[in-house]
Amino acid sequence: MSEDEKSLFEVLPSHLDTGLRGIPVGTCGTSFVDPVDGVHYAGYPISDLADFDPEDIVHLLFNKSLPTAEESAAMKQNLASRSVIPEGALDLFESIGEGQGHPMDWLSIGIMALGRAEADDDILEDGMNLIAWMPELMARLFMKRGGRGDIARPSNPSLGMVGNFVSMLGMESDDAHRAERVLKSFLVLHMDHGGGNLSTFAGKAVASGRASLFSSIASAMNALSGPLHGRANQSCLEFVQKVGTSDSNEVEAFVRAELAAKRPIFGFGHAVLRAEDPRATVQMSIGEEVCPDDPLFSTVRTLREVVPRVLGENKRISNPNANVDLVSGTLLYNAGFMKPSYYTTFFGWARVIGITAQIVDERNSRGGKGVPIYRPKYIAKDRTVRRV
Ligand code: MLT
């Protein structure tokens with residue numbers, strides 16, 4: 001091990017109370033994040049994967065190899081064959097009052113509710129079932145929470161997971177195609193991001209205590225729901241709407257005024273990345289393809305040009321570049337999903353896949369013994385022993 005590598009394992013006082021930022025705690029086989037080239041799934045740069053079917057990327061994350069044509073068909077068939085949600089498994093979810101609570105709460109409750117149909121001590125089986133049930137859970141969430149009642153069409157898993165979701169929402173022809181185009185790539189781009197992002201870490205930590213897959217993934221969704229993590233994609237679309245112009249000078253004035261008022265500039269910077277997020281670059285190309293003249297997309301295009309320069313004036317900002325959230329909300333909006341409060345549920349749907357693959361890997365590690373229960377150390381602020 002080189003001196004540089006060794007220093008990776010040295011814990012210093014300056015590491016404390018920093019949210020474990022950058023401290024190595026484990027190994028991850030599904031993906032790694034390069035600060036410049038972004039996330040790679042099983043070694044493949046994300047930009048090479050954006051046009052694959054989501055089911056193929058499920059295969060990749062679980063098997064660490066891209067599927068052959070036969071394997072691709074087998075994964076699609078496997079998921080389709082499991083797609084019927086067992087009777088009664090959504091009772092708890094169905095009892096939430098319409099329209100109340102954040103959609104991420106619904107997602108988490110829905111996943112917990114599905115735990116009623118847990119398999120006997122088979123985490124891979126639970127994982128594949130949950131992935132197969134997600135399109136219908138998502139469609140029911142959108143319809144019921146939105147006050148639109150039952151799904152518009154019965155589940156038809158032969159349409160693929162995204163096609164089936166779009167169909168259950170009742171979308172037709174061109175609208176359905178555009179939604180499918182945008183959502184397929186959204187899912188692929190968001191499935192995994194190494195092991196240390198908050199939702200993945202939280203899900204794996206809960207799973208390490210041998211909690212069920214459903215409880216672990218629901219915990220991950222709760223972690224994802226925070227505005228500093230997954231809910232940033234909702235905030236970002238709201239921010240883009242607030243900018244309200246695509247004129248460079250006006251955008252620059254707006255950004256400077258936000259900074260002066262100490263308000264956040266959404267869609268830029270990242271905990272690990274030090275260049276533009278390749279997922280943002282891919283989504284910019286999709287925007288140029290599906291909605292080049294859309295006013296919101298024009299705002300995004302200008303923000304991407306202006307903000308890195310303005311933020312770059314502050315030498316303490318290590319990455320002033322666009323991240324995945326800058327473009328994703330605008331694409332979803334154009335794809336017919338007009339309510340930003342639902343956007344994090346799409347992120348959640350995608351992460352269910354990556355986090356499940358990571359939990360299965362951790363459960364199979366150490367020759368099948370599984371990863372030990374997570375138990376990091378906290379240093380007492382004060383070790384003085386007091387007496388009553
Ligand atoms: C992401 O997808 O960018 C993350 O989940 C955030 C992170 O990596 O910390």
Side-chain angles (χ1 to χ4, degrees), residues 15 18-42 44-47 49-50 54 57 60-61 104 107-108 183 185-206 216-217 219-237 239 264-284 286 304 308 317-329 331-332 343-359:
H15 288 136
T18 57
L20 288 172
R21 178 66 57 102
I23 298 181
V25 291
T27 54
C28 174
T30 55
S31 64
F32 65 84
V33 185
D34 178 88
V36 174
D37 296 328
V39 68
H40 295 60
Y41 294 170
Y44 294 96
I46 192 64
S47 41
L49 302 173
I57 307 303
L60 174 63
L61 292 173
M104 281 304 282
L107 182 59
S108 169
L183 278 182
S185 60
F186 183 99
L187 285 192
V188 169
L189 295 175
H190 286 79
M191 277 185 198
D192 212 39
H193 212 248
N197 64 83
L198 181 66
S199 48
T200 306
F201 186 72
K204 291 195 296 185
V206 173
S216 308
I217 295 292
S219 307
M221 294 302 110
N222 294 336
L224 188 69
S225 71
L228 295 187
H229 192 13
R231 209 194 287 187
N233 69 358
Q234 163 181 342
S235 312
C236 193
L237 194 264
F239 174 78
I265 306 298
F266 290 93
F268 293 86
H270 193 274
V272 181
L273 299 172
R274 293 294 167 261
E276 177 167 287
D277 187 337
R279 297 170 300 177
T281 317
V282 168
Q283 292 194 108
M284 283 304 296
I286 297 175
R304 184 193 186 205
I317 296 181
S318 46
N319 175 17
N321 301 297
N323 66 40
V324 70
D325 298 323
L326 175 67
V327 208
S328 64
L331 295 185
L332 292 173
Y343 292 177
T344 313
T345 65
F346 288 126
F347 194 165
W349 179 6
R351 280 290 151 98
V352 162
I353 296 161
I355 300 173
T356 297
Q358 293 201 31
I359 288 175

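One-based numbering, in listed order, for ligands and for the atoms of each. Only a predicted model underlies this, so the values are computations on that prediction, with no experimental measurement involved.
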Against heavy atoms of R279, which atoms of ligand 1 measure under 4.0 Å?
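Taking each heavy atom of R279 in turn, ligand 1 has 1 (C), 2 (O), 3 (O) under 4.0 Å.
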Ligand-side contact atoms (ligand 1) for residue partner H229, heavy atom cut-off under 4.0 Å:
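Going through ligand 1 atom by atom, the ones under 4.0 Å from H229 are 5 (O).
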Looking at Y41 and S31, what are the two nearest heavy atoms and their distance?
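Answer, listing the atom of Y41 first, then S31: CD2-CB, 3.9 Å.
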Side chain or backbone of M191 under 4.0 Å from ligand 1, or both, or neither, by non-hydrogen atoms?
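M191 to ligand 1: no contact under 4.0 Å from either part.
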Heavy-atom pairs closer than 4.0 Å: do any link ligand 1 to the side chain of R21, the backbone, both, or neither?
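Under 4.0 Å from ligand 1, R21 contributes no heavy atoms.
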Tell me the protein heavy atom at minimum distance from [atom], and give that distance in Å.
| atom | result |
| --- | --- |
| atom 5 (O) of ligand 1 | R351 NH1, 2.8 Å |
| atom 8 (O) of ligand 1 | H193 ND1, 2.8 Å |
| atom 9 (O) of ligand 1 | N197 CB, 3.5 Å |
| atom 3 (O) of ligand 1 | H270 NE2, 2.6 Å |

Determine, step by step, whether H193 and V324 satisfy the side-chain contact (heavy atoms from CB on, under 4.5 Å) criterion, reporting the C-alpha distance in whole Å, the side-chain angles of both residues, the deciding distance to 0.1 Å, and the verdict.
CA-CA 11 Å; H193 212 248; V324 70; over 6 Å; no
Does the side chain of [Y] come within less than 4.5 Å of [X]'s, by heavy atoms?
| X | Y | result |
| --- | --- | --- |
| I217 | I359 | yes |
| T345 | M104 | yes |
| M191 | T356 | no |
| S199 | I355 | yes |

With the threshold set at under 4.0 angstrom, would you say H190 reaches ligand 1 through any of its heavy atoms?
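False for this residue.
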Would you please classify the geometry between the F186 ring and the F347 ring as parallel, tilted or perpendicular, with 30° and 60° separating the classes?
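Correct class here is perpendicular.
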